[in-house]
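Quick notes on the structure that follows.
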Amino acid sequence: MTTITAAESGSATTTRRGRRRNGAAGTPGSTGTSGRSISGSRSSTTTALLMLLPAGILLITFLLIPIGLTFGLAFTNARLISPRPAEFIGVDNFVRLFADDTFWASLRNTIIFAAVIVPVQSACALGLALLVNVKMRGVNFFRTVYFLPVVTSMVVVSMLWLFMYQKNGLINQVLLKFGIDGPDWLGDPHTALLAIILMSAWQAMGFHMVIWLSGLQTIPGDLYEAAELDGAGTWDKFRYVTWPGLRATRTFILITITISAFALFTQVNIMTQGGPLDSTSTVVLMAVRTGFQQQQTGYASAISLVFFVLVLAVTLVNRYFTRDKDAR
């Protein structure tokens, strides 16, 4: 039988008392740590809000407020500068718009431009990306050259091609060397829109080449090696490896090109001003001309609202047909 001495009993009692004191002393320390954590969290939240404040002000001022004004002014007869206050006129602006031949011509030109530029520009950009997606000396030079038109101002590019498209310009001079009498590219209603399409595709091709290239470089090289072992040729590797691997990339590119195509304005405004005979007029050009030159703010807001609904519908349809098959 074990006998517990008085000294051992006293030592155990002292140990238990010390543990109680330590526990009691630890409680305020835990509360202080929790308080500091809450204070630090509030400070981080305040700092984040202050950093977001400038961007939030710009977003509200130049995006949300104009959108709200567009919805409101579309149902009024407001003018840009007028002593008379705006009056509510219901859907009169939309009735007038749908009876305007210039609007339908502008809408037709915008749709034609988008229908041509989306496949042509995306396909050419993909071809360039495949060409520069190689490991060889000097490839960065060609990537830079192809991307150079993107960083050049659209105004500068439009002015350059305006001189090239003249009757005695560079393009017709080159065609004349082959015995071809070139047309008046921007003065003929049959070729004016085509000329703007060619210039627009050339200018923005480099940007989408970079996007395609980034997608190509995310495809694992093991897949190509496995395809080669299975005897796949160049076309088979593109069809069964490259193209499926670019699913997310092509969705992004198709949506961005479509939106940019419907927003066609700068090239037309500089090169043709919508002519000849409204053969290059677009919805955006019509809205800007109506709102600022004719100062019909209410009517221009109605045009912008119809344009917004049109782009939204096209984007949703495009997103529906390009979504993942697993989500269907």
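A donor-acceptor contact shorter than 3.5 Å is absent between the side chain of Y146 and the backbone of L128. Within the 3.5 Å criterion, the main-chain N or O of E225 finds no donor-acceptor partner in the side chain of K237. Under a 3.5 Å cut-off, the side chain of T297 and the backbone N or O of L80 do form a donor-acceptor pair. Checked by atom type and distance alone, the side chain of S82 never pairs as donor or acceptor with a backbone atom of A78 at under 3.5 Å. A donor-acceptor pair is defined here as one N or O able to donate and one able to accept, closer than 3.5 Å; such a pair exists between the side chain of R250 and the backbone of W243. At least one donor-acceptor pair under 3.5 Å links the side chain of Q203 to the backbone N or O of P149. Side chain of N172 to backbone of D181: no donor-acceptor contact under 3.5 angstrom is found. Remark: the backbone N or O of I197 is not paired with any side-chain donor or acceptor of S200 at under 3.5 angstrom. Listed for the D188 side chain is a donor-acceptor partner under 3.5 Å among the backbone atoms of H190. No donor-acceptor distance shorter than 3.5 angstrom exists from the side chain of Q294 to the backbone of G291, with no hydrogens or angles considered.
In the hydrophobic clustering of this structure, L264 groups with V306; members are Ile, Leu, Val, Met, Phe, Trp, Tyr whose side-chain heavy atoms approach within less than 4.5 Å, directly or through other members. Cluster annotation: V145 is connected to V150 through the hydrophobic network of ILVMFWY side chains, with a link wherever side-chain heavy atoms come within less than 4.5 Å. Under the 4.5 Å side-chain heavy-atom criterion for grouping Ile, Leu, Val, Met, Phe, Trp and Tyr, W161 is not connected to F207 through any hydrophobic cluster. Follow the hydrophobic side-chain contacts under 4.5 Å out from M205 and you reach I255 in the same cluster. At a threshold of 4.5 Å between side-chain heavy atoms, the hydrophobic network of Ile, Leu, Val, Met, Phe, Trp and Tyr places M154 and F147 in two separate groups.
In this structure, the separation between CD on Q121 and CE on M209 is 12.0 Å, given to the nearest 0.5 Å. Once rounded to the nearest 0.5 Å, the distance linking CD1 of I303 with CZ of F94 reads 10.0 Å. Taking CG of L176 as the reference point, atom CD of Q173 lies at 6.0 Å (rounded to 0.5 Å). A distance of 12.5 Å separates CG in L107 from OG1 in T102, rounded to the nearest 0.5 Å. Between atom CG of residue L305 and atom CD1 of residue I67 there is a gap of 10.5 Å, rounded to the nearest 0.5 Å. Taking CD1 from I171 and CG from L198, the interatomic distance works out to 8.0 Å, rounded to the nearest 0.5 Å.
When side chains are defined from C-beta on, T256 counts as touching H208, because their heavy atoms get closer than 4.5 Å. Annotation: side chain of T282 is not in contact with side chain of Q267 (no heavy-atom distance under 4.5 Å). No side-chain heavy atom of D230 sits under 4.5 Å from any side-chain heavy atom of D236. T258 is not listed as a side-chain neighbour of T315, based on a closest heavy-atom distance of 4.5 Å or more. Residues V156 and L160 form no side-chain contact, since every pair of their non-hydrogen atoms from C-beta on lies 4.5 Å or further apart. Within the 4.5 Å cutoff, the side chain of M164 has no heavy atoms near those of the W185 side chain.
When all heavy atoms are compared, the tightest approach of A261 to T110 is O-CG2, 4.5 Å. Residues N77 and E87 share a closest heavy-atom pair of OD1-N, 2.6 Å. When every heavy atom of L73 is checked against every heavy atom of S301, the shortest pair comes out as CB-OG, 3.5 Å. Counting all heavy atoms, side chain and backbone alike, L148 lies closest to T152 at O-OG1, 3.0 Å. Between V134 and R143, the closest heavy-atom pair is O-NH2, 4.1 Å. For the pair S281 and N109, the tightest heavy-atom approach, listed with the atom from each and the gap, is O-ND2, 3.0 Å.
With hydrogens and angles left out, the side-chain atoms of W212 and N133 include no donor and acceptor closer than 3.5 Å. A side-chain donor from one of T280 and T272 sits under 3.5 Å from a side-chain acceptor of the other. A donor-acceptor contact under 3.5 angstrom links the side chains of Y299 and D100, judged on distance only.
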Next item on the list: Start with the C-alpha distance between F238 and L130, add both sets of side-chain angles, then the distance that settles side chain to side chain contact (heavy atoms under 4.5 Å, CB included), and finish with yes or no.
Entry: CA-CA 10 Å; F238 175 81; L130 292 172; 4.0 Å; yes

Next item on the list: Check step by step if side chain to side chain contact (heavy atoms under 4.5 Å, CB included) holds for V118 and L254.
Entry: CA-CA 7 Å; V118 170; L254 290 177; 3.9 Å; yes

Notebook entry, point to check: Under the side chain to side chain contact (heavy atoms under 4.5 Å, CB included) criterion, do F75 and V91 qualify, and how do the steps go?
Noted result: CA-CA 6 Å; F75 301 93; V91 296; 4.3 Å; yes

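By the side-chain hydrogen bond (donor to acceptor under 3.5 Å, both in side chains) test, D184 pairs with no residue at all, sequence neighbours left out. In this view, Y224 and T242 satisfy the side-chain hydrogen bond (donor to acceptor under 3.5 Å, both in side chains) rule, not counting sequence neighbours.
Counted within 6.0 Å of CZ on F98, heavy atoms from surrounding residues, nucleotides or ligands total more than 12; the atom is thus considered enclosed.
Ring to ring, F113 and F262 are not that close: their centroids are 6.0 angstrom or more apart.
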